[in-house]
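Here's the structure we're looking at; comments come further down.
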Amino acid sequence: MPELPEVETIRQDVLPFVRGREIKKVGIIDPRNIKGITPSLFVKKVVGEKIVDLERRAKYLLFKLASGKYLVIHLGMTGRLLFAPDDYVKVIFHLSGKRALYFSDARLFGKIRFYSHYPELKLGPEPLQEDFTVPQFRQMLKQRKIAIKQLLLDQKFISGVGNIYANEALFRAGIHPRRPANSLNDREVKKLYKAIKQILFEAIKYRGTSDSWYVDAKGKKGGFQFRLKVYGRKDEPCFGCKSKVQRIVLGQRGTYFCPKCQK
DNA sequence: ACCTAAACCTGGGCGC
DNA sequence: TGCGCCCAGGTTTAGG
């Protein structure tokens with residue numbers, strides 16, 4: 001599933017491919033990913049626009065247009081942005097210079113929207129941004145008693161972290177996923193803060209996790225799936241202590257942890 | 001304000 | 001080989 005590192009990898013690859021190019025034509029194979037306006041109005045609005053930049057906010061890709069408007073894509077679970085089509089293409093963006101960008105989405109959880117201004121996305125802080133600090137994180141955790149794992153998945157609390165990296169960060173910090181957020185002491189808050197940043201930076205470095213669906217714009221898998229310590233490893237031995245990795249359901253999400261290493 | 005759970009979807013994996 | 005069943009999950013929505 002594309003989380004912050006996967007979306008950032010795509011952003012970096014796609015930016016030089018689209019920058020300065022005009023959207024000449026849009027082919028809609030399946031209109032169901034287009035949200036907020038009718039597909040025909042969407043096409044009318046984006047055709048003729050020039051892409052000047054590609055930004056990322058949490059798991060969203062924001063195509064900045066020369067008019068100051070934005071084409072915003074969220075990849076959901078199985079969304080892809082590709083330089084060549086695959087079996088699940090839903091929307092094709094034909095660009096100047098005879099290029100095309102393919103939006104593919106097998107399960108239709110992805111969303112494509114058009115905004116006349118910079119979109120208000122109602123998201124919590126970006127964990128990799130420098131203005132996200134330990135004191136701020138401590139303050140945020142203090143007032144919440146929900147399980148820490150569930151809180152990390154709340155995009156209004158902290159944005160960009162999804163199920164894979166929430167599990168991995170908690171393992172790295174040695175914190176049990178069921179712990180109430182406000183029960184973490186100062187040492188644990190600091191450890192978790194560091195773990196989140198480290199995991200995300202490393203996953204970007206390895207071009208994301210290709211657990212099931214994720215591939216980059218060239219259709220290539222990432223490399224971080226080989227470095228996962230707990231996610232998807234139910235009943236397999238913990239790399240640290242050899243105990244069996246456990247799987248529980250927390251807030252409707254599969255949750256993996258080592259019962260011995262995570263307290 | 002806070003929390004829980006269903007709904008949205010369909011390919012892939014499993015059992016038979 | 002093929003059928004039916006169930007699971008995966010990011011976000012939104014509804015409800016308590």
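Predicted model only: the values in this text are computed from it and were never measured. Below, each value reflects all heavy atoms present in this structure, side chains not excepted, and no hydrogens, waters or symmetry copies. So you know, we letter chains A, B, ... as the sequences are listed, proteins then strands, and number each from 1.
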- Which residue pairs pass the salt bridge (Lys or Arg N to Asp or Glu O under 4.0 Å) test with at least one member in residues 74-83 of chain A, sequence neighbours excluded? A:Arg80-A:Asp86
- Does DNA chain B take part in any stems of at least 3 consecutive Watson-Crick or G-U pairs (both distances under 3.5 Å), and if so, which ones? B:2-16 with C:2-16
- Task: Would you mind reading off the distance between A:Tyr165 atom OH and C:dG10 atom P, rounded to a whole angstrom?
- Result: 12 Å
- Message: Taking the basic N atoms (NZ, or NE/NH1/NH2) and the acidic carboxylate oxygens, is any pair closer than 4.0 Å for A:Glu8 and A:Arg11?
- Response: yes
- Item | Nearest to side-chain heavy atoms of A:Ile146, which nucleotide of C:dT11, B:dC3, B:dA6 | B:dC3
- Item | Any A:Ile199 side-chain heavy atom under 4.5 Å of A:Val161 side chain | no
- Message: Output the rounded distance in Å from CG (A:Asp154) to C1' (C:dT12).
- Response: 13 Å
- Query: What integer distance in Å separates A:Leu250:CG from B:dT4:C1'?
  - Reply: 12 Å
- Message: Let's see if you can work this out: which of B:dC3, B:dG11, B:dC9 has an atom nearest to the side-chain heavy atoms of A:Lys145?
- Response: B:dC3
Under 3.5 Å, side-chain donor or acceptor atoms of residues 109-131 of chain A against the rest of the protein: list the pairs with distances, not counting sequence neighbours.
unit_1, atom_1, unit_2, atom_2, d
A:Glu126, OE1, A:Arg56, NH1, 3.1
A:Glu126, OE2, A:Arg57, NH1, 2.8
A:Glu126, OE2, A:Ala58, N, 2.4

Every protein N/O within reach of nucleotides 5-8 of chain C N/O, cut-off under 3.5 Å:
unit_1, atom_1, unit_2, atom_2, d
C:dA8, OP1, A:Arg247, NH2, 2.5
C:dA8, N3, A:Arg107, NH1, 2.7

- Query: Are A:Lys220 and A:Arg207 close enough that some pair of their side-chain heavy atoms sits under 4.5 Å apart?
  - Reply: no
- Atom-pair distance (OH on A:Tyr214; P on B:dG12), nearest Å: 19 Å
- Message: Check this for me: does any side-chain nitrogen of one of A:Asp105 and A:Arg32 sit under 4.0 Å from a carboxylate oxygen of the other?
- Response: no
- Task: Take atom CG of A:Asp211 and atom P of B:dG13, then tell me their distance rounded to the nearest Å.
- Result: 12 Å
- OP1, OP2 of C:dT12 versus side-chain N and O of A:Lys111: anything below 4.0 Å? no
Protein-nucleotides 2-4 of chain C N/O pairs under 3.5 Å:
none

- Is the backbone N or O of A:Leu153 less than 3.5 Å from a side-chain atom of A:Gln155, with the two atoms forming a donor-acceptor pair by type? yes
- Query: side chain to side chain contact (heavy atoms under 4.5 Å, CB included) with A:Leu81: which of A:Val18, A:Val215, A:Leu101?
  - Reply: A:Leu101
- Message: Side chains of A:Thr209 and A:Tyr165 only: does a donor on one sit below 3.5 Å from an acceptor on the other?
- Response: yes
- Message: Is the distance between the ring centroids of A:Tyr193 and A:Phe132 under 6.0 Å?
- Response: yes
- Rounded to whole Å, the NZ-P distance (A:Lys149 to B:dT4) equals 13 Å
- Given B:dT4, B:dA5, C:dT12, the nucleotide with the shortest approach to the side chain of A:Gln150: B:dT4
- Item | d(CD, A:Gln143; P, B:dC2) in whole Å | 7 Å
- Separation of B:dG13 C1' from A:Lys234 NZ (nearest whole Å): 16 Å
- Message: Does C:dG9 have its OP1 or OP2 closer than 4.0 Å to a side-chain nitrogen or oxygen of A:Gln252?
- Response: no
- A:His74 side-chain N/O to C:dG10 phosphate OP1/OP2 under 4.0 Å: no
- Task: Please figure out whether A:Arg32 or A:Leu151 has its closest DNA chain B nucleotide nearer the 5' end.
- Result: A:Leu151
Please set out all donor-acceptor pairs under 3.5 angstrom arising from side-chain atoms of residues 255-263 of chain A, sequence neighbours excluded.
unit_1, atom_1, unit_2, atom_2, d
A:Thr255, OG1, A:Lys149, NZ, 2.8
A:Thr255, OG1, A:Arg253, O, 3.1
A:Tyr256, OH, A:Arg247, NE, 3.4
A:Gln262, OE1, A:Cys258, N, 2.8
A:Gln262, NE2, A:Leu170, O, 3.4
A:Gln262, NE2, A:Ile175, O, 2.8
A:Lys263, NZ, A:Lys260, O, 3.4

- Contact nearer the 5' end of DNA chain B, comparing A:Phe109 with A:Tyr88: A:Phe109
- So, is the end of the A:Arg233 side chain (NZ or CZ) under 6.0 Å from the ring centre of A:Phe239 and within 45° of the ring's axis? yes
